[in-house]
Amino acid sequence: MSYRVTLLPGDGIGPEVTKAMRACVDATGVKINWDEVIVGAPAIEKFGTPLPQAAIESVKKNKVAIKGPIETPIGKGFRSVNVQLRQELDLYACVRPAKYIEGTKAVNTKVDIVIFRENTEDLYAGVEFDVNSPEAKHLIQEINKVSVKKVREDSAISIKPISIFGSERIIRYAFEYALKNGRKKVSLVHKANIMKFTDGLFLRMGQKIALEYAGKVTFEDVIVDNMCMQLVQKPELYDVLVLPNLYGDIVSDLCAGLVGGLGIAPGANIGSAAALFEPVHGSAPKYAGQNKVNPTATILSAVMMLRHLGEMDAARRLEKAVCDVIKEGTDVTYDLKADRNDPGSVGTQEMAAAICKKLKQ
Ligand code: NAD
């Protein structure tokens with residue numbers, strides 16, 4: 001059986017880590033026809049947009065895609081391609097496992113958490129109005145008419161939409177995952193003590209859905225600031241986390257830090273019509289083109305993709321090969337060495353070659 005998968009190399013370190021990933025996936029023996037489409041900086045140069053329609057069409061057609069990171073210029077220019085892709089394809093569930101791998105510089109060796117981040121709403125929805133814009137002024141006037149709490153006139157405005165529909169589907173997805181994968185507990189993370197309506201709605205949806213899983217999966221809710229402290233001190237208490245978009249973004253980086261950094265943290269964005277796999281890390285522009293960074297996060301994202309395709313044996317073999325190479329600690333990138341300046345560290349493609357070699361042993 002062969003599969004057609006869209007490959008979006010991205011920019012910055014994206015092309016390097018996706019090249020390494022592709023070599024490893026091909027070495028598993030699973031037949032994949034890669035439909036490669038440029039996005040990000042190279043697409044701006046060629047087509048004048050970082051997200052050509054061809055990229056969206058390819059993902060829609062193939063239903064499975066894997067991508068490298070893409071730079072988002074801060075405060076100006078184009079909207080985040082990553083956010084746009086998630087919204088255009090309605091990839092509502094961002095799934096990020098954080099699990100200790102022996103040989104990494106993990107802060108805590110007991111971490112085995114899967115994070116479900118809502119991907120389409122919240123402050124990330126992109127409903128923003130710049131300071132002094134006519135839209136912001138109009139909104140501020142209207143808000144000040146209906147709200148007891150007043151907004152300063154020289155404010156920029158971001159809107160935080162949290163819906164019943166959006167909350168229900170991500171929370172249900174997290175519970176279903178827990179049930180199917182033998183996970184015991186879902187912790188819903190919020191700040192409903194302050195944001196009583198938006199986070200309050202997310203919490204109430206969780207409490208309601210949890211009743212359907214009573215006796216099978218335990219449910220608890222934890223306030224986001226407390227959760228950050230708990231995760232640093234006692235991460236072994238947590239199993240499956242479900243969070244609105246912004247907290248999910250921040251807490252998943254915290255968990256990536258607990259298990260040894262962004263270089264090894266994989267992720268997936270899942271919707272009903274398509275699934276897009278990508279590392280948690282960004283385009284790390286200062287390392288671009290140096291064959292230096294760790295390809296593990298992208299390769300482990302491909303492991304998630306293989307599982308999604310039903311290629312369980314190939315996924316297990318590839319994951320084991322990655323873990324074996326990291327455990328041996330020889331053919332690994334600088335960030336996995338005890339001393340980051342260790343002259344014995346290898347490049348991105350060399351680490352991938354060591355993983356391919358392990359696969360064939
Ligand atoms: P980043 O993740 O790109 O890099 C932060 C640091 O993490 C790097 O300097 C490096 O020290 C380390 N790092 C990241 N990936 C690594 C790897 N594979 N191996 C070893 N070390 C690694 O975060 P940033 O600097 O905040 O963001 C850079 C750009 O990437 C921004 O434009 C941001 O918007 C974008 N970004 C894109 C995505 C995405 O495409 N999904 C995600 C996050 C950030």
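In each ligand, atom 1 is the first atom listed, and ligand 1 is the first ligand listed.
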Which atoms from ligand 1 have a heavy atom of P285 less than 4.0 Å away? 28 (C)
Decide whether the shortest distance between a heavy atom of I70 and an atom of ligand 1 is less than 4.0 Å. yes
Ligand-side contact atoms (ligand 1) for residue partner Y334, heavy atom cut-off under 4.0 Å: 20 (C), 21 (N)
Taking atom NZ of K46 as the centre, report whether more than 12 heavy atoms of other residues, nucleotides or ligands fall under 6.0 Å from it. no
Is there a donor in the side chain of T120 and an acceptor in the side chain of Q87, or the other way round, less than 3.5 Å apart? no
Please check if the number of heavy atoms outside K19 that lie under 6.0 Å from its NZ is greater than 12. no
Could you give the distance from CG (N62) to OH (Y3), rounded to the nearest 0.5 Å? 13.5 Å
For L179, I'd like to know if atom CG has over 12 heavy atoms of other residues, nucleotides or ligands within 6.0 Å. yes
Atoms in ligand 1 with a heavy atom of L262 nearer than 4.0 Å: 2 (O), 7 (O)
Min N/O separation I13 to ligand 1 under 3.5 Å: no
Check this for me: E176, atom CD, are more than 12 non-hydrogen atoms of other residues, nucleotides or ligands nearer than 6.0 Å? yes
So which bit of V280 gets within less than 4.0 Å of ligand 1, heavy atoms only: side chain, backbone, both or neither? backbone
If the contact criterion is a heavy-atom separation under 4.0 Å, does G10 count as touching ligand 1? no
Just distances here: any N/O of S283 and N/O of ligand 1 closer than 3.5 Å? yes
Closer than 4.0 Å to some heavy atom of E71 - which atoms of ligand 1 meet that? 32 (O)
Find all atoms of ligand 1 within a distance of less than 4.0 Å from any non-hydrogen atom belonging to Y287, and give their numbers and elements. 9 (O), 10 (C), 11 (O)
One should read off an interatomic distance between I113 CD1 and D239 CG, to the nearest 0.5 angstrom, of 8.5 Å
Region of N294 that comes within reach of ligand 1 [heavy atoms, distance under 4.0 Å]: both
Note: ligand 1 atoms sitting under 4.0 Å from heavy atoms of N82 are 37 (C), 38 (C), 39 (C), 40 (O), 41 (N)
Using a 6.0 Å cut-off, check whether atom CD of E45 has over 12 heavy atoms from anything other than its own residue. no
With atoms numbered from 1 as shown, which atoms in ligand 1 lie under 4.0 angstrom from a non-hydrogen atom of E278? 41 (N)
For ligand 1, note which part of T72 has a heavy atom under 4.0 Å away: side chain, backbone, both or neither. both
Looking only at heavy atoms, is any part of A297 under 4.0 Å from ligand 1, and if so is it the side chain, the backbone, or both, or is it neither? neither
Within less than 4.0 angstrom of ligand 1, does K67 place any heavy atom? yes
If you count the atoms of ligand 1 from 1 in the order shown, which ones are under 4.0 Å from a heavy atom of K286? 9 (O)
K105 atom NZ: more than 12 heavy-atom contacts under 6.0 Å: yes
Is there a polar contact, in the sense of an N or O pair closer than 3.5 Å, between V17 and ligand 1? no
Within 45° of the axis and under 6.0 Å from the centre of the six-membered ring of Y124, does NZ or CZ of R117 qualify? yes
Would you say that more than 12 heavy atoms from the other residues, nucleotides or ligands in this model lie under 6.0 Å from the NZ of K99, or not? no
